[in-house]
> 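Sharing a structure below in structure tokens format, with a few things to ask.
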Amino acid sequence: MPEGPSIVILKEEVQLFAGKKILEVTGNTKEDKALLNGKKVVSFESWGKHFLIRLQGLTVKIHFLLFGSYSINEMRKPNPRLHLKFSNGDLYLYSCSVKLFTEDPDAVYDWSADVMNDNWSPAKARKKLKALPDALACDALLNQEIFAGVGNIIKNEVLFRIRVHPESLIGALPPRKLTELIAEARKYSFQFLEWKKAFELKKHWLAHTKTCCPRCHIPFVKEKHLGKTKRRAFFCENCQVRYPQPAILAPRLPPSRKILLKCAGQGNVVPAKRSGGKRSIPL
DNA sequence: TAAAATGTTTGCAC
DNA sequence: TGTGCAAACATTTT
């Protein structure tokens, strides 16, 4: 559920409640639910992975973390964290973080940092990245102050697409690669949105959870806890370049037959096994 | 069945 | 006070 594009879908799905009055509030959140009673929804908004319910003088911030979910009209799970009743239906939010705040959301949120927002600013993202030259590419993409909404799936897919090794240093990326990183973070997020709406997101994964590189047809490297963020990473040591690049490139040996067999049947051509017998034609 | 997973915050040790 | 790390949280799927 939780990457930015999924929150955009939620925001679209709850539009039927925009402008409506909250008739009843229940749920096991420890926040002061009573404050929401009788208030009208000014608007539903999102910032990265945050889902915001903007009321008069009060905003509800929902974060779904790893396991949160929601349903509209039908209660699909027991014990919702928050349930809002409207004249035309119900919104149920499960196992999520709920926080209330009274500040103006425009003063709290930097909308230009949200990859899904109309105000997304690649220039500002670049400036923030320039300030973190020692950060790893895999960590930088998950930095919500720079790429709000980007999660682990988007991270893996973006790095594969732009052929950048996840452990590359941000400061060592050539300017054009940095441009690509920023552009692809947004571009892939919107593709994620369209594919998710069509229920075909996984079908389009090229790297995330994959075992073989679709370009090189050799096994992906799978790291369980990569970078400061310690998240799963799937990448190709062959076509994803690690920056900085070494001054002298080590000669690359062709992968062994055993390795190639791991990716057989995925567009990979495995050389025939040499027969143990004597050659009929001497070399 | 145990383990892992689209994530973030908190609290403790140093 | 700052930082870095592990733990906590919570649920579904493999």
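Residue numbers start from 1 in every chain, and the chains themselves are labelled A, B, ... in the order their sequence lines are given, proteins ahead of strands.
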> Just wondering, do A:Phe86 and A:Ile22 contact through their side chains at under 4.5 Å, heavy atoms?
yes
> Checking base pairs now: Watson-Crick or wobble, both atom distances under 3.5 Å. What partners C:dA10?
none
> Is there a disulfide between A:Cys263 and A:Cys212 in this structure (defined here as SG atoms under 2.5 Å apart)?
yes
> Taking NZ from A:Lys203 and C1' from B:dT6, how many angstroms apart are they, rounded to a whole number?
20 Å
> Taking CG from A:Asn28 and C1' from C:dT11, how many angstroms apart are they, rounded to a whole number?
14 Å
> Using a 4.0 Å heavy-atom cut-off, does A:Lys228 contact any base of the nucleic acid, only the sugar-phosphate backbone, or nothing at all?
nothing
> May I ask you to test the A:Ile154-A:Leu142 pair for a side-chain heavy-atom distance under 4.5 Å?
no
> Closer to the 5' end of DNA chain C via nearest nucleotide, is it A:Cys96 or A:Lys202?
A:Cys96
> When the P atoms of B:dG11 and C:dA10 are considered, how many whole Å apart are they?
15 Å
> Is there a side-chain contact between A:Glu12 and A:Lys197 (heavy atoms, below 4.5 Å)?
yes
> Would you mind reading off the distance between A:Leu141 atom CG and B:dT6 atom P, rounded to a whole angstrom?
15 Å
> Should A:Lys230 be listed as having a side-chain N or O under 4.0 Å from OP1 or OP2 of C:dA6?
yes
> Quick check for you: among B:dT6, C:dT12, C:dA10, whose closest atom lies nearest to any side-chain atom of A:His208?
B:dT6
> Go through A:Phe67 and A:Tyr94 one step at a time and tell me if the ring pair (Phe, Tyr, Trp, His ring centres under 6.0 Å) criterion holds.
CA-CA 9 Å; A:Phe67 315 123; A:Tyr94 312 96; over 10 Å; no
> In whole Å, what is the span from the CG atom of A:Leu93 to the C1' atom of C:dT11?
16 Å
> Is the A:Tyr92 ring parallel, tilted or perpendicular to the A:His83 ring (thresholds 30°, 60°)?
parallel
> Under 4.0 Å, heavy atom to any atom of DNA chain B: which of residues 108-122 of chain A qualify?
none
> Return the value, rounded to whole Å, for the distance between atom CG of A:Asn156 and atom P of B:dT6.
8 Å
> Tell me the interatomic distance from A:Ile62, atom CD1, to C:dC9, atom P, rounded to whole angstroms.
20 Å
> Under a 4.0 Å N-O cut-off, is there an ion pair linking A:Asp114 with A:Lys49?
no
> Are the aromatic ring centres of A:Tyr243 and A:His165 under 6.0 angstrom apart?
no
> Could you tell me if the side chain of A:Leu84 sits less than 4.5 Å from the side chain of A:Ile53, heavy atoms only?
yes
> Taking the six-membered ring for Trp and the full ring for Phe, Tyr or His, determine whether the centres of A:Phe51 and A:Tyr70 are under 6.0 Å apart.
no
> For every nucleotide of nucleotides 7-14 of chain B, 5' to 3': is a protein heavy atom under 4.0 Å from its base (B), only from its sugar-phosphate (S), or from neither (-)?
BS------
> P atom, C:dA6 versus B:dA4: distance in rounded Å?
16 Å
> Tell which nucleotide pairs with B:dT6, taking only Watson-Crick or G-U wobble pairs whose two distances are both under 3.5 angstrom.
none
> Could you check how far CZ of A:Arg81 sits from P of C:dA10, rounded to whole Å?
6 Å
> From NZ of A:Lys224 over to P of C:dA6, roughly how many Å is that when rounded to an integer?
14 Å
